[in-house]
Trainee: 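What follows is a single structure, and I will ask about it in a moment.
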Amino acid sequence: MKEFMRYYILIFLFLWSTRDFFAQNSRSQWVDSVYATLNVEERIGQVFMVSAYSRLGQKHWDDLALLVEEYHVGGVLFFAGTPYRQAKLTNFLQGKAKVPLLVGIDAEWGLSMRLDSTLRFPNPWTIGAIEDDSLIKAYGMEMGRQCRRLGIHVSFSPSADVNVFPNPVMGSRSMGRDYNTVARKSVALMQGMQQAGIIACAKHFPGHGNTNEDSHGTLPVIDLSKDELKKGPLYPFQALADSGVKGVMVGHLQLSAYEHRKNRACTVSKPQIEGLLRREMGFEGLVFTDALNMMGVSQFFPPGQLELEALKAGNDVLVSPLNVPKALTTIQHALQSGELDPMVLEKAVKRILYAKYAYQNQGNISFDSLNTDLNSVGAEKLRVKLLQASIKPIKGDFSVLSKDITDSIICLSINSFKGNTFQTELSKNSNVDQYAFKQRFFRLQKMEESGFPFKGDRLMIVCIHNFKSAKNLNPTQYSMMKTLQDNYPKMIVVLFGEGFEMDSMIDDFEYILWVPEDSLEMREFAAEYINSLKVE
């Protein structure tokens, strides 16, 4: 009977995939018919998405198979592994499932965030520096293509968090410090992903960037008014909801304006999910919890009760539950006692089934040319294009200096070594006098000993590597740079790195080029950018 039902479900999925003109009522009929075949335990199991590590051994695979077969879990979320082993494990687990599994992955900067042997695309912070939104959309489409090739239906991205405060968990996982910019970039990325046929899942609602605490270890509380929230951290999520994002991941964060009970993260708060996200913001897609094994919620509720509270709050998919058997039993008892409204479970399960109907890949994942398909020539060209597009002047009209990119340049690198990639590439088109100091040696005495020219009319390029903040430089060093600018009216400051705090640099220096990542290839691309300004 079990095998018959599984084939019945797969046949319906196949029929839908070959007939785009199926009407909405046909989809609803399919969902209703499958839901009717599931008993209570199987319905409860659909809401669980368990963690999977393809790099682990047979015991882990067997444990996952047990969760699929005996506890009917509806989804898996993949972490560390390889493309081949993940494809093999996905095929293995899909073969055990009565209802096809919903497969997810954290892919904030592509599959390489979790899988080796895959292309390392730029991180969200670098993506946020790209002006061309159509290029970001193309990146989303490529991400979606790679996910589908690997049998993945949900990517937990874009990160719609705005990096307002220096945050221990956000950093380069945010696309910027400006709400409008993050909203626009998030929408472009989401549209590309969903156009490619996967579910984009925006996170971490209501916005992890407005706190300097880490929800992996504690429960951050955001103490803003409702109006401040809507103009601030909620703004990108509202833009995504209005643009049709299919998934939202709820973070372990508490909004004091919506939830007055103590220790009630959004994950376990009906006012914040049903009241704010669904009713006020109009989101109609799938709501995923952040990992339930994080201390932001797990320290306040025991296994079983935590999963029940998350379901009661309005989540559809419970990610990384603490204890599936205990959670299943607790939820079942809550249904029997009346603590949990059966309609809450029914709505969650039917949303999940609808997603499986709409986004399910057909058949086993093929291993033929898997790595070649994932690491295609087109994908590599796009990766390079994204990196190059992120390099940009953030202060000054560089065209004014184009005639000064002549045969004679002075290049001073701070936090690097003489003859580094940037200086070497720059030297291919110009005669470059090279100087370099580690930051601890960047002082007047060392510069004098090196014979550094403190004044002149040549073009001076000062590079700061591994740049996170103007605070990286002590006051004396910062003053030395300002003196250099006084002595060299034509001076470009190149900031290699995330540059979370650049305001003082922008105020004090005339020409600034920002390179969001400090890698060897980004140093090469930055030199190419400077050389491209040269007037022959």
Side-chain angles (χ1 to χ4, degrees), residues 2-3 5-6 9-10 38-39 41-107 111 113-116 147 149-156 198-199 201 249 286 288-294 298 303-304 306-307 310-311 315-332 349 352-353 355-356 359-361 363-367 370:
K2 176 180 175 181
E3 283 299 307
M5 286 308 306
R6 182 171 179 275
I9 291 167
L10 289 172
L38 305 178
N39 61 35
E41 288 187 358
E42 291 169 335
R43 292 171 183 175
I44 296 171
Q46 284 297 301
V47 305
F48 300 126
M49 177 174 273
V50 297
S51 302
Y53 298 79
S54 65
R55 69 178 180 183
L56 297 182
Q58 190 61 46
K59 183 182 183 306
H60 179 64
W61 290 38
D62 292 341
D63 290 343
L64 290 171
L66 179 67
L67 290 172
V68 171
E69 290 188 293
E70 298 300 323
Y71 296 98
H72 324 291
V73 298
V76 291
L77 172 60
F78 277 103
F79 290 92
T82 70
Y84 175 82
R85 285 185 63 82
Q86 180 165 315
K88 188 175 180 180
L89 180 52
T90 299
N91 288 345
F92 171 69
L93 294 176
Q94 290 286 23
K96 302 290 184 181
K98 175 179 175 178
V99 180
L101 297 168
L102 194 66
V103 179
I105 196 168
D106 258 334
L111 296 179
M113 181 172 174
R114 299 300 181 189
L115 304 178
D116 64 17
C147 283
R149 178 64 180 87
L150 204 52
I152 297 166
H153 314 116
V154 185
S155 174
F156 290 108
I198 67 168
I199 298 171
C201 184
M249 173 178 276
L286 278 175
F288 297 77
T289 70
D290 204 345
L292 292 177
N293 54 17
M294 292 165 59
S298 63
L306 173 58
E307 290 81 3
L311 188 59
N315 293 284
D316 300 309
V317 183
L318 312 184
V319 178
S320 300
L322 295 175
N323 186 317
V324 169
K326 185 169 288 188
L328 194 152
T329 300
T330 303
I331 293 171
Q332 192 168 12
V349 175
I352 293 167
L353 291 175
K356 291 182 176 184
Y359 291 94
Q360 190 66 233
N361 296 334
N364 281 342
I365 303 164
S366 171
F367 300 108
L370 179 60

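Because only heavy atoms are used, hydrogens play no part in the values below, and waters and symmetry mates are left out as well, while side chains stay in.
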Trainee: Give me the one residue out of Leu370, Ile365, Ile105 that meets side chain to side chain contact (heavy atoms under 4.5 Å, CB included) with Gln86.
Mentor: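 The residue from Leu370, Ile365, Ile105 that satisfies side chain to side chain contact (heavy atoms under 4.5 Å, CB included) with Gln86 turns out to be Ile105.
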
Trainee: Can you name the nearest heavy-atom pair linking Asn315 to Leu318, along with the distance?
Mentor: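 So the minimum-distance heavy-atom pair works out to CB-CD2, 3.9 Å.
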
Trainee: Taking all atoms of both residues into account, what is the closest heavy-atom pair of Thr289 and Leu292, and its distance?
Mentor: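 So the minimum-distance heavy-atom pair works out to OG1-CG, 3.7 Å.
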
Trainee: Please round to the nearest 0.5 Å and tell me the distance separating atom NZ of Lys96 and atom CG of Asn91.
Mentor: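 Nearest 0.5 Å value for the NZ-CG distance: 12.5 Å.
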
Trainee: For the pair Lys356 and Gln46, evaluate side chain to side chain contact (heavy atoms under 4.5 Å, CB included) and give the outcome as yes or no after the intermediate values.
Mentor: CA-CA 11 Å; Lys356 291 182 176 184; Gln46 284 297 301; 2.6 Å; yes

Trainee: Can you find a pair of side-chain heavy atoms, one from Pro83 and one from Asp116, that are under 4.5 Å apart?
Mentor: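 Yes - at least one pair of side-chain heavy atoms lies under 4.5 Å apart.
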
Trainee: Any side-chain heavy atom of Leu89 sitting closer than 4.5 Å to one from Leu93?
Mentor: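 The answer is yes; the side chains approach within 4.5 Å.
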
Trainee: Minimum heavy-atom separation for Ser155 to Ala107, with atom names?
Mentor: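 Shortest heavy-atom separation between Ser155 and Ala107 comes out as OG-CB, 3.5 Å.
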
Trainee: Quick check: do Ser366 and Arg149 have side-chain heavy atoms less than 4.5 Å from each other?
Mentor: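 The answer is yes, as the side chains (C-beta and beyond) meet within the 4.5 Å cut-off.
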
Trainee: Got a donor-acceptor contact below 3.5 angstrom from the Lys98 side chain to the Leu38 backbone?
Mentor: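 Looks like no, no N/O pair under 3.5 Å.
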
Trainee: How far apart are the C-alpha atoms of Ser320 and Asn293, what are their side-chain angles, what is the distance that settles it, and do they pass the side chain to side chain contact (heavy atoms under 4.5 Å, CB included) test?
Mentor: CA-CA 6 Å; Ser320 300; Asn293 54 17; 3.9 Å; yes

Trainee: Could you tell me the separation between the CD1 atom of Ile152 and the CG atom of Leu111, rounded to the nearest 0.5 Å?
Mentor: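 Reported to 0.5 Å precision, the distance equals 5.5 Å.
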
Trainee: Report the C-alpha distance between Val319 and Asp290 in whole Å, list the side-chain angles of each, state the deciding distance to 0.1 Å, and finish with yes or no for side chain to side chain contact (heavy atoms under 4.5 Å, CB included).
Mentor: CA-CA 6 Å; Val319 178; Asp290 204 345; over 6 Å; no

Trainee: Indicate, with yes or no, if the rings of Tyr71 and Phe48 have centres closer together than 6.0 Å.
Mentor: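 No; Phe48 has its ring centre 6.0 Å or more from that of Tyr71.
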
Trainee: Got a sec, which pairs hit side-chain hydrogen bond (donor to acceptor under 3.5 Å, both in side chains) with one end in residues 56-65, sequence neighbours left out?
Mentor: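 Residue pairs passing side-chain hydrogen bond (donor to acceptor under 3.5 Å, both in side chains), neighbours aside: Gln58-Asp62, Lys59-Asp63.
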
Trainee: Using atom types as modelled and distance alone, determine if a side-chain donor or acceptor of Asn39 lies under 3.5 Å from a backbone N or O of Glu42.
Mentor: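 Here the side-chain-to-backbone pair exists.
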
Trainee: Which value, rounded to the nearest 0.5 Å, describes the distance between Ser51 atom OG and Leu77 atom CG?
Mentor: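 Reported to 0.5 Å precision, the distance equals 5.5 Å.
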
Trainee: Can you find a pair of side-chain heavy atoms, one from Leu286 and one from Ile352, that are under 4.5 Å apart?
Mentor: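 The answer is yes; the side chains approach within 4.5 Å.
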
Trainee: Counting only N and O atoms by type, is there a donor-acceptor contact under 3.5 Å from the side chain of His153 to the main-chain atoms of Val103?
Mentor: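 Indeed, once roles are kept as given, a pair shorter than 3.5 Å links the two residues.
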
Trainee: Can a donor-acceptor pair be found, under 3.5 Å and without considering hydrogens, that links the side chain of Thr82 to the backbone of Arg85?
Mentor: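 Yes: the side chain of Thr82 pairs with the backbone of Arg85.
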
Trainee: In Å, rounded to the nearest 0.5 Å, how long is the span from CD of Glu307 to OG1 of Thr329?
Mentor: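 Taking CD in Glu307 and OG1 in Thr329, the distance rounds to 11.0 Å.
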
Trainee: Taking the side chain as everything from C-beta on, heavy atoms only, tell me whether Val68 gets closer than 4.5 Å to Val50.
Mentor: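 A side-chain contact is absent here, since even the closest heavy-atom pair is not under 4.5 Å.
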
Trainee: One pair to check against side chain to side chain contact (heavy atoms under 4.5 Å, CB included): Met49 and Val73. What are the steps and the verdict?
Mentor: CA-CA 7 Å; Met49 177 174 273; Val73 298; over 6 Å; no

Trainee: With under 30° as parallel and over 60° as perpendicular, where do the rings of Phe79 and Tyr53 fit, or are they tilted in between?
Mentor: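 Ring orientation, 0 to 90° scale: parallel.
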
Trainee: Tell me, do Leu101 and Thr90 make a side-chain contact under 4.5 Å, heavy atoms counted?
Mentor: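 Answer no - side chains too far apart.
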
Trainee: First locate atom CD of Glu41, then atom CD1 of Ile331, and finally report the distance between them rounded to the nearest 0.5 Å.
Mentor: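 Here the interatomic distance stands at 11.5 Å.
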
Trainee: State the CD1-CZ distance between Ile199 and Phe156, to the nearest 0.5 angstrom.
Mentor: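 Atom-to-atom, Ile199:CD1 and Phe156:CZ are 9.0 Å apart.
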
Trainee: May I ask you to test the Ile198-Val154 pair for a side-chain heavy-atom distance under 4.5 Å?
Mentor: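 In short, these two side chains do not touch, never coming nearer than 4.5 Å.
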
Trainee: Decide yes or no for Phe78 and Leu150: does some side-chain heavy atom of the first lie under 4.5 Å from some side-chain heavy atom of the second?
Mentor: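 Side-chain contact under 4.5 Å: no.
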
